[in-house]
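Everything on this sheet refers to the single structure shown next.
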Number of protein chains: 2
Amino acid sequence: MEAMEEEVGGRRRVLDAAAELFVRQGYSGTTLRQIASEAGIKAGSIYHHFDSKEALFVAVLNDGMLVMTDAFDNTAHELASTAAVADHVRGHVHAHLSAVFENGPYTTAHVTSFFGAPAEVRSQVVPLRDSYEQKWNELFEQLFPVANVKDLRLHRLILFGAMNATAEWFDPSGNLSLDQLSTTIARQFLHGVLHD
Amino acid sequence: MEAMEEEVGGRRRVLDAAAELFVRQGYSGTTLRQIASEAGIKAGSIYHHFDSKEALFVAVLNDGMLVMTDAFDNTAHELASTAAVADHVRGHVHAHLSAVFENGPYTTAHVTSFFGAPAEVRSQVVPLRDSYEQKWNELFEQLFPVANVKDLRLHRLILFGAMNATAEWFDPSGNLSLDQLSTTIARQFLHGVLHD
DNA sequence: GTCTATAACATGATAGAC
DNA sequence: GTCTATCATGTTATAGAC
């Protein structure tokens, strides 16, 4: 409270460094010494903030999923209930991609290193992941009342695959903007590549 | 030549074991002892077949990409040049997914563990990957002559993301068949979820 | 072609000083 | 809250017998 500067505590610096390295090298490919080095401390000091490497990874993943959930909820509140289906889809696609690309590596870690993580780690993160995916399922059931639920979940999985894979090739500082990417993905999802 | 039984040589058994473990645990998360154990030999013996762990990984990835390329070429030859655009797309989507799910873990390794692999490994596999992606780019340029090339590459990346992510959730032995999945992805790609 | 044995090093984790 | 020092173990890789 004393200063306006964003005093980044030691714990946060460890989390930041860990998230970035986990994204680039995966869970097993990242060492505590690397994380400590990037956080400006020594490896042993990490254990003052986290009980184990696994616990650190879980903290990163859960932080990331909270960002995703917040982005989804904010978008849902901003959209008028009378908005067109296309606006809802584009808005939530944009929220998801923004969370991946604009909120640091926490959300990206979820996309790139969840699958290869030890089972013990995955099981501790599954609840938040499920809750996020459930929000999308419910959104789709509202937007597409005529479709059957099974097809909707399949379409959602296909959309998620397309969105999350962008973490591996999209460059937010390149020619294509995040807005343009969101619009393209949402339109391809709704109307396909053969639209008008 | 003496027997009909598929005599699986030591080298092939090492490759099979490595591919399966790399898929499940990633490159760094898999040890040579695990690979050797699953192949029925001791860790040191692996070095009779491969110079290093990295060389073994490169061999797995390149084997996988050859399967993908073969699947693409076979499909291209089977399709009549007069076939409808939708048939071409569905056929090649089916070929890609078949390679991922029906030809062992070699192709899946490409999808799940390429991104997190050491840069030195990735650079040795990039040529075959690029050549495969180029086949898709050329296919799209033929199928959609009116669209501009930049948009087509973007749409291909989105489609690839959707297809490759299925490796993380699709169960070929479940209720949904590979044919149904291919048809759904191809139709969503061409016409979107709002089709008829 | 596979084994045993081992070198050389990296890793996650702990204990105690400051 | 961070340090130094260290433990116990796991890791890739090598050398030489069979």
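A note on names: the letters A, B, ... follow the listed sequences, proteins ahead of strands, and every chain is numbered from 1. Just so you know, these numbers come straight off a predicted model, no measurement behind them.
Near-neighbour residues of DNA chain D inside residues 10-25 of chain B, defined by a heavy atom below 4.0 Å, are absent. Using a 4.0 Å cutoff on non-hydrogen atoms, the parts of residues 52-64 of chain B near DNA chain D are S52(B), K53(B), ordered by number. Within residues 116-123 of chain A, no residue has any heavy atom under 4.0 Å from DNA chain D. Within residues 38-49 of chain B, the residues having any heavy atom closer than 4.0 Å to DNA chain C are, in order of number, I41(B), K42(B), S45(B), H48(B), H49(B).
The shortest non-hydrogen separation linking A39(A) to R13(A) is O-NE, 3.3 Å. Residues S45(B) and I41(B) come closest through the heavy atom pair CB-CD1, 3.9 Å. Between L97(A) and M163(A), the closest heavy-atom pair is CD2-O, 3.7 Å. The nearest pair of heavy atoms linking L32(A) to I46(A) is O-CD1, 3.5 Å.
A cation-pi arrangement is present between R129(A) and F114(A), with the terminal nitrogen or guanidinium carbon under 6.0 Å from the aromatic centre and inside a 45° cone about the axis. Cation-pi geometry between R187(B) and F189(B) is not met at under 6.0 angstrom from the ring centre and within 45 degrees of the axis. In this structure, K53(A) satisfies the cation-pi test against Y27(A), with its NZ or CZ atom closer than 6.0 Å to the six-membered ring centre and inside 45 degrees of the ring normal.
Between the side chain of H191(A) and the backbone N or O of G192(B), no donor-acceptor pair lies under 3.5 Å. Here the side chain of E102(A) pairs no donor or acceptor atom with the backbone of A99(A) at under 3.5 angstrom.
Applying the 6.0 Å contact sphere to CG of N148(B) captures more than 12 heavy atoms from other residues, nucleotides or ligands.
In summary, contact between chain A and DNA chain C, defined as any nucleotide atom under 4.0 Å from a heavy atom of the protein, begins and ends at dT11(C) to dT14(C) in the 5' to 3' direction.
The side chain to side chain donor-acceptor pair (under 3.5 Å) contacts involving residues 75-99 of chain A comprise D87(A)-R90(A), H94(A)-S98(A), H94(A)-D179(A), H96(A)-Y132(A), H96(A)-N164(A), where partners must be two or more places apart or lie in separate chains.
With hydrogens and angles left out, the side-chain atoms of Y106(B) and D16(B) include a donor and acceptor closer than 3.5 Å.
In this structure, the ring of F160(B) has its center less than 6.0 angstrom from the ring center of W136(B).
For the atom pair R156(A) CZ and F140(A) CZ, the distance stands at 8.0 Å (nearest 0.5 Å). Between the NE2 atom of H155(B) and the NZ atom of K150(B) there is a distance of 13.0 Å, given to the nearest 0.5 Å.
The residue S28(A) sits apart from the nucleic acid: no heavy atom pair falls under 4.0 Å.
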